[in-house]
Amino acid sequence: MRALSRKTKLRTVRNSDDVKRTAVVAGGAGFLGSHLCRKLLDLDYRVVCVDSFLTGQQRNISPLLRNHNFTLINSDIVDALPVEVHVDQVFNLACAASPPKYQEHPIHTMQTCVTGTHNLLRLAETNDARFLQASTSEVYGDPHVHPQPETYRGNVNPFGPRACYDEGKRAAEALCYDFKESLGVNVKVARIFNTYGPRMLADDGRVVSNFIVQALKGEPITIFGSGQQTRSFCYVDDLVEGLIRLMNSDETVAEPVNLGNPTEFTIVELAELVLQQTGSKSKMVKRKLPVDDPKQRRPDISRAEELLNWQPRVSLAQGLQSTIDYFAKQLGQTEAKRLEIA
Ligand code: UDP
């Protein structure tokens, strides 16, 4: 186990017969990042996880600290990066992704997207490593084109409360392509649509975790606005598989690639499914719709299908069940207690 403070420099010597790949996962203690770290270790990578623990959780990666191929660096990517190992791949997943969380520290969100991405791109450049940017469906804003193909340029409010994230992620994409054009860095850009699964934070603020936790506690299910707005929910295992395929894709795969599940649901439909699967008797209550909340979202995944031979496999019903089981355990609920609430 190695857990390093931000000041610690990490050095390893690379033997010429060493065939293991080393990946840096920035944001590796977060929801998505921790699933990616585990998968990469299973695939026999060495993993250097960089996390500031702003939204990342120690418990997401605690079991990995026993693995001698896993290193944790407690650092913010906005600061200088104390990574001095040879690196083959850099995954940039470091940024709060839930609207209430990224809006809590908007200036830091923008700095993470721009300065943080710049620092990681420099790391990739000096190591001649591949770089994967976790971009987002938010680059399409409140889309007028539906479903959203990668060629759609979006409808983003540049000064609304979501701008720190939406515009930050758009700037980060631009920076990736500047590094590719000017310095020859092999960049990959994944536009990630709503993803859910075990190890989301219970108070994360996103719709899937909110609804499941509310249902399990027997509290009202908070529907923002009419609940007729749509999202398309991708299970985390499918998403991680897409990220790894994209990172290892052919050099010619350079354009952004949508990764998400194209099956679309209204928010009320999601609430109904959660109620049905938890057996909860919670009631739906209406709350104010957040400013600039996109009305519809569904990925066109033809590019991922064609270039990566990738498609999501887990249905919302299946993925919700694993996520419900996870939160029930987190909340210390047995099946019996859940039935009492219901
Ligand atoms: N939402 C909701 N109730 C909640 C949380 C979110 O109705 O308790 C809605 C939100 O207004 C949005 C959708 O669910 O229309 C997805 O929200 P989320 O924050 O998960 O992600 P977004 O796709 O907006 O980034």
Side-chain angles (χ1 to χ4, degrees), residues 30-32 55 93 95-104 106 109 112-113 134-143 146-148 152 154-157 160-170 190-236 239 258-275 278 280 282-299 316 319-320 323-324 327:
F31 157 57
L32 200 48
T55 54
L93 275 63
C95 191
S98 151
K101 297 281 181 202
Y102 66 65
Q103 289 170 27
E104 228 169 83
T109 298
T112 302
C113 290
S135 189
T136 167
S137 54
E138 293 278 336
V139 301
Y140 303 121
D142 187 8
H146 193 70
Q148 294 80 54
Y152 178 49
N155 173 39
V156 173
N157 179 353
R162 297 175 90 99
C164 56
Y165 187 74
D166 299 8
E167 294 291 16
K169 288 285 187 177
R170 285 168 71 97
R191 290 186 178 156
I192 300 172
F193 285 63
N194 296 66
T195 303
Y196 70 99
R199 296 208 286 278
M200 290 181 95
L201 280 174
D203 67 349
D204 173 88
R206 274 177 287 190
V207 70
V208 175
S209 43
N210 272 12
F211 285 3
I212 292 177
V213 171
Q214 289 162 346
L216 290 173
K217 288 182 167 175
E219 292 173 355
I221 307 287
T222 51
I223 307 286
F224 296 170
S226 67
Q228 292 310 304
Q229 68 273 34
T230 66
R231 294 294 186 273
S232 308
F233 301 99
C234 188
Y235 189 63
V236 64
L239 206 283
N258 285 340
L259 293 179
N261 190 318
T263 315
E264 188 178 3
F265 294 84
T266 67
I267 294 307
V268 166
E269 285 169 342
L270 172 72
E272 285 165 352
L273 254 179
V274 169
L275 287 173
T278 51
S280 168
S282 289
K283 299 275 175 273
M284 295 187 210
V285 292
K286 294 274 166 70
R287 294 281 181 265
K288 203 166 159 277
L289 187 70
V291 175
D292 292 336
D293 197 272
K295 286 181 263 319
Q296 52 184 0
R297 186 181 289 155
R298 171 152 69 103
L316 183 58
L320 277 182
T323 315
I324 289 167
F327 279 116

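Ligands are counted one by one from 1 in listed order, and the atoms in each one are counted from 1 as well.
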D204 with R199: basic N within carboxylate O range, under 4.0 Å | no
R206 (side chain) donor-acceptor with T195 (main chain) under 3.5 angstrom | no
Check: Q229 side chain, G227 main-chain N or O, donor-acceptor pair, under 3.5 Å | yes
Could you pull out all donor-acceptor pairs under 3.5 Å where a side-chain atom in residues 161-169 meets a protein atom, sequence neighbours excluded?
{"residue": "R162", "atom": "NE", "partner": "E138", "partner atom": "OE1", "Å": "3.2"}
{"residue": "R162", "atom": "NH2", "partner": "E138", "partner atom": "OE2", "Å": "2.7"}
{"residue": "K169", "atom": "NZ", "partner": "A134", "partner atom": "O", "Å": "2.7"}

Side-chain donor-acceptor pair under 3.5 Å between E264 and T230, yes or no?
-> yes
In terms of the angle between their ring planes, are Y196 and F233 parallel, tilted or perpendicular, with boundaries placed at 30° and 60°?
-> perpendicular
Those residues with a heavy-atom separation under 4.0 Å from ligand 1 are P99, E138, R162, N194, G205, R206, V207, N210, F211, T222, I223, F224, Q229, R231, I267, P290, D293, R297
